[in-house]
Amino acid sequence: MTKLPAVRQEQILAWLQKEKRITIETLAERLGVSIMTIHRDLDVLALAGQVEKVRGAAQISTRGIIGETAHQCSLCSMPVPLRTSFIINTTSGEKVYGCCPHCGLLLLERHPDTTLVLTRDFLYGRMVNAGDAYYLIDSDIAVCCAPSVLCFAGERDAQRFQQGFGGNVLDFEFARAHLISRHRGSE
Ligand SMILES: [Zn+2]
Ligand SMILES: [Zn+2]
């Protein structure tokens, strides 16, 4: 069977939730794909903090990187994950939360008067100034909203993820403009 990476990854997660640990060979057999493909799927899931690779097998991540904050996304109302949180500090002292840079960049349209806009570097987990960051849009790493938008403090890091997982690297202004035009197009 031929399946899109995202569909395979969801299937892998569903199996792992039931069976705890599955060898990479078994996953390759079940899905009818190569060991290499399974490794790549597991790398995506590992980067998203959902799965760990252990001695030729995969298991659900026990480290809980996918923790949620107590906040709700002001755009889509989803709980804001720690991993991708986006925080807009407005000039009136209000804090507006986005679940990920996708929603965060769109929320900036509603809140143009900001003092500080922070988001989390997807690779290192540090909070960074959103205006100085780079954004990987449309990669295979689907951690939150679609289109997937991941933030990196360094352009090189963003490009490295792009090589592995596809998509386009844009700076803050371009990423923002790109998302706004797509969002409008989908309405
Ligand atoms: Zn959202
Ligand atoms: Zn999101």
Side-chain angles (χ1 to χ4, degrees), residues 4-10 12-14 17 41 43-51 60-61 63-90 92 94-153 157-158 161-162 164-187:
L4 293 168
V7 176
R8 275 201 315 268
Q9 288 154 21
E10 256 170 50
I12 292 173
L13 268 184
Q17 263 146 10
D41 284 339
D43 287 341
V44 173
L45 292 168
L47 280 166
Q50 293 172 298
V51 159
I60 290 288
S61 175
R63 276 174 291 170
I65 311 166
I66 264 312
E68 284 167 4
T69 65
H71 306 286
Q72 262 197 349
C73 176
S74 292
L75 195 78
C76 71
S77 307
M78 293 291 285
V80 174
L82 265 180
R83 186 81 194 266
T84 54
S85 46
F86 194 103
I87 306 168
I88 300 168
N89 293 279
T90 68
S92 60
E94 195 193 349
K95 269 187 199 298
V96 179
Y97 293 88
C99 56
C100 63
H102 167 269
C103 286
L105 291 169
L106 288 171
L107 278 168
L108 283 171
E109 282 300 281
R110 290 192 199 167
H111 304 278
D113 301 320
T114 61
T115 51
L116 185 64
V117 182
L118 296 171
T119 183
R120 212 173 272 277
D121 181 295
F122 188 71
L123 184 55
Y124 299 107
R126 288 190 300 255
M127 292 309 283
V128 297
N129 191 334
D132 298 333
Y134 294 87
Y135 298 86
L136 178 60
I137 300 184
D138 287 323
S139 72
D140 292 339
I141 306 177
V143 284
C144 199
C145 299
S148 158
V149 183
L150 303 176
C151 167
F152 298 89
D157 290 332
F161 270 73
Q162 180 192 26
F165 305 107
N168 296 300
V169 176
L170 300 175
D171 70 12
F172 175 72
E173 287 304 337
F174 277 104
R176 209 174 138 174
H178 177 86
L179 285 172
I180 290 162
S181 68
R182 265 171 80 161
H183 194 64
R184 292 213 177 109
S186 71
E187 275 170 359

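Both ligands and their constituent atoms are indexed starting at 1 by order of listing. The shown structure was predicted, so the numbers you read here are calculated from the model rather than taken from an experiment.
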Step by step, would you call I137 with V149 a side chain to side chain contact (heavy atoms under 4.5 Å, CB included)?
CA-CA 5 Å; I137 300 184; V149 183; 4.1 Å; yes
State, with a plain yes or no, whether a side-chain heavy atom of [X] is found less than 4.5 Å away from one of [Y].
{"X": "R110", "Y": "L75", "answer": "yes"}
{"X": "V143", "Y": "C100", "answer": "no"}
{"X": "C99", "Y": "P79", "answer": "no"}

Side chain to side chain contact (heavy atoms under 4.5 Å, CB included) for L108 and F172? Distances and angles first, verdict last.
CA-CA 11 Å; L108 283 171; F172 175 72; 3.6 Å; yes
If you look only at distance, which donor and acceptor atoms sit under 3.5 Å apart when one is on a side chain in residues 116-128 and the other is two or more places apart or in another chain?
from, atom 1, to, atom 2, distance (Å)
T119, OG1, S85, O, 3.2
R120, NE, L82, O, 2.7
R120, NH1, G125, O, 2.7
D121, OD1, L123, N, 2.8
D121, OD1, Y124, N, 2.8
D121, OD2, A153, N, 2.7

2.8 Å shell around the Zn ion (ligand 2), exclusive bound, protein N/O/S atoms
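With waters ignored, the protein N/O/S count below 2.8 Å is 4.
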